[in-house]
2 protein chains.
Amino acid sequence: MTHDDNGGFDPREFLPYLLNQAAEASSLEFQAIYKARYGMLRTEWRVLFHLGIYGRMTAKEIADRATIHKTKISRAVQKLAGRRFLVRERDPGDRRREYLELTPAGRAAYLDLSAVASEYEARLMAPFTEEEAQLLRRMLHRLAQRPAEP
Amino acid sequence: MTHDDNGGFDPREFLPYLLNQAAEASSLEFQAIYKARYGMLRTEWRVLFHLGIYGRMTAKEIADRATIHKTKISRAVQKLAGRRFLVRERDPGDRRREYLELTPAGRAAYLDLSAVASEYEARLMAPFTEEEAQLLRRMLHRLAQRPAEP
DNA sequence: CGCTAACAGTTGAATTTGTAACTAACAAGG
DNA sequence: CCTTGTTAGTTACAAATTCAACTGTTAGCG
């Protein structure tokens, strides 16, 4: 043997690595769609989706829900506002905060893309049974919880 | 309701999104370790691991096995070589190719990190049964297969 | 009040990544 | 040999991401 045998540890079976590969592969195709149709980046459609689903909210709220850094949100919001997909409105009660809301154009894009996402997801899950799919979701949710800092 | 209800579609349940969150959360802690101890980036430790496990091989072989773009490999190899974690040796039979091999320092880093990775993985999987863990792996492998282009 | 700390959001500079084009080496057919 | 095509690996430039510092605003508290 020309190399170490470290107890059968295989980097291709390392969970964070596997998760990464699956995540990348599974977003590739969908990414191509929102990029081609609306020139959006990933963070942009995430913001769009959050506003589409939950309605009017601030950048901070989106950042917390989606666990996206605030600078990414800030830049995504700028682009979406520039394309008239959303409007910003300062909160009169707390002038640091700014409410974001989709315009009709933004809503149309959201509806279009969420329909595509739905079909896409169905195709991704097609090889699995309903039980498997549910278990997968549960496990991913569990893994996504960041361990608390002391 | 102040927003659209799009057939119950929730971005937080969208599979590519969930995979991403889980992947990010699960690599965060480990990333901090190899970054702090060895100043490595993700691609760098992947290259290190591959060489540690499979021994001497070329950049192309690593790229194929790990599905990492060759430019990333190239830059990772440069950094690892600069830190004397690996040595490069041109193949006399085909002078385009270059064999990569860990130095003792590289091997030490690999052994250290693979031990950490092993424990880390065990902790990640601890909440699940053995059957669940195996199913998760199978599903991730399946999802990671990119659909063939026509 | 008046001071300090915290917060929402933005910006600029440094890193990192992605895309394309490039060099150097080999291979195969005429 | 000599073109044409392919491969391994590198580099240059643009795009995206990260990190730190910044503005403006509110909150807490002596």
Side-chain angles (χ1 to χ4, degrees), chain A residues 20-21 23-25 27-29 31-32 34-36 38-47 50-51 56-83 86-101 146, chain B residues 20-21 23-25 27-28 31-32 34-36 38-47 50-51 56-83 86-101 146 149:
Chain A
N20 241 307
Q21 297 286 106
E24 238 176 84
S27 45
L28 202 70
E29 239 183 292
Q31 181 175 46
Y34 57 70
K35 192 170 177 182
Y38 301 100
M40 283 186 199
L41 253 30
R42 193 147 48 117
T43 308
E44 289 160 46
W45 80 255
R46 278 198 194 168
V47 168
H50 274 269
L51 291 173
R56 203 170 115 104
M57 61 200 299
T58 68
K60 181 59 161 53
E61 289 171 317
I62 299 175
D64 289 343
R65 278 195 198 253
T67 333
I68 302 175
H69 194 89
K70 60 180 181 171
T71 62
K72 274 166 104 171
I73 301 275
S74 173
R75 280 160 177 145
V77 166
Q78 283 176 45
K79 274 193 201 150
L80 289 170
R83 282 175 196 137
L86 61 79
V87 288
R88 323 157 87 139
E89 186 192 343
R90 196 148 294 275
D91 180 350
D94 182 343
R95 303 200 1 261
R96 288 170 302 186
R97 315 173 72 209
E98 199 172 50
Y99 282 111
L100 307 171
E101 191 167 18
R146 307 194 175 213
Chain B
N20 242 308
Q21 296 289 105
E24 239 175 82
S27 44
L28 201 70
Q31 180 175 46
Y34 57 70
K35 192 170 178 180
Y38 302 101
M40 283 186 198
L41 253 30
R42 193 145 49 113
T43 308
E44 288 159 49
W45 80 254
R46 278 198 194 167
V47 167
H50 274 269
L51 291 173
R56 204 170 113 104
M57 61 199 301
T58 68
K60 180 60 161 55
E61 288 171 317
I62 299 175
D64 289 344
R65 277 197 198 249
T67 334
I68 302 175
H69 194 91
K70 60 180 181 169
T71 62
K72 275 168 105 172
I73 301 275
S74 173
R75 294 195 254 243
V77 166
Q78 282 177 46
K79 275 192 201 152
L80 289 170
R83 282 175 196 137
L86 61 78
V87 288
R88 322 157 88 138
E89 186 191 341
R90 197 149 292 278
D91 180 349
D94 180 345
R95 301 195 12 255
R96 290 170 300 185
R97 315 174 73 213
E98 199 172 48
Y99 282 111
L100 306 171
E101 192 166 17
R146 308 197 173 211
E149 323 275 329

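Residue numbering restarts at 1 for every chain, and letters A, B, ... go by the order of the sequence lines.
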- So which nucleotide from dC7(C), dT10(D), dT16(C) ends up closest to the side chain of K70(B)? dT10(D)
- Message: E89(A) vs R56(A), test: side-chain contact (heavy atoms from CB on, under 4.5 Å). Steps then yes/no.
- Response: CA-CA 10 Å; E89(A) 186 192 343; R56(A) 203 170 115 104; 2.8 Å; yes
- Send over the distance from I68(A) CD1 to dA8(C) C1', rounded to a whole Å. 16 Å
- Message: Does dA8(D) have OP1 or OP2 under 4.0 Å away from a side-chain N or O of K60(B)?
- Response: yes
- Query: Given atom CZ of R90(A) and atom P of dT23(D), what is their separation to the nearest angstrom?
  - Reply: 16 Å
- Out of K72(B), R83(B), R75(B), K35(B), which one pairs with E44(B) under the side-chain hydrogen bond (donor to acceptor under 3.5 Å, both in side chains) rule? R83(B)
- From dT25(D), dG9(D), dC19(D), nucleotide with atom closest to R96(A) side chain: dT25(D)
- Salt bridge check: are R88(A) and E101(A) linked by an N-O gap of less than 4.0 Å? no
- Note on the structure: Taking dT10(C), dC19(D), dA16(D) as options, the one with an atom nearest any side-chain atom of K35(B) is dC19(D)
- Where each residue is assigned the nucleotide of DNA chain C containing its nearest heavy atom, which of Q78(A) and D94(A) is assigned the position nearer the 5′ end? D94(A)
- Query: Can you check the K72(B) NZ to dA20(C) P distance for me, whole Å?
  - Reply: 16 Å
- Rounded to the nearest angstrom, tell me the gap between atom CG in D91(B) and atom P in dT7(D). 17 Å
- Query: So, is T71(A) close to the dT18(D) phosphate, meaning a side-chain N or O under 4.0 Å from OP1 or OP2?
  - Reply: no
- Y99(B) has an atom OH; how far is it from atom P of dA8(D), in whole Å? 12 Å
- Whole-Å gap separating C1' (dA16(D)) and CD (E44(A)): 11 Å
- Query: Looking at dG9(C), dT26(D), dT16(C), which one has an atom nearest to any side-chain atom of E98(A)?
  - Reply: dG9(C)
- Whole-Å distance separating the CD atom of Q31(A) from the P atom of dG18(C): 10 Å
- Options dG24(D), dC13(D), dT10(D), nucleotide nearest the side-chain atoms of R75(B): dC13(D)
- Separation of atom CZ in R97(A) from atom P in dC7(C), rounded to whole Å: 13 Å
- Query: Contact class for I73(B) vs. all strands (heavy atom < 4.0 Å): base, sugar-phosphate, or nothing?
  - Reply: nothing
- Item | Spatial distance of atom CG (L100(B)) from atom CE (M57(B)) [nearest 0.5 Å] | 9.0 Å
- Query: How is R42(B) classified with respect to the nucleic acid when contacts are heavy atoms under 4.0 Å: base, sugar-phosphate, or nothing?
  - Reply: nothing
- Task: Could you go through the side-chain contact (heavy atoms from CB on, under 4.5 Å) check for D91(B) and R95(B) one step at a time?
- Result: CA-CA 5 Å; D91(B) 180 349; R95(B) 301 195 12 255; over 6 Å; no
- Query: Looking at R95(B), does any N or O in its side chain come under 4.0 Å of the phosphate oxygens OP1/OP2 on dA25(C)?
  - Reply: yes
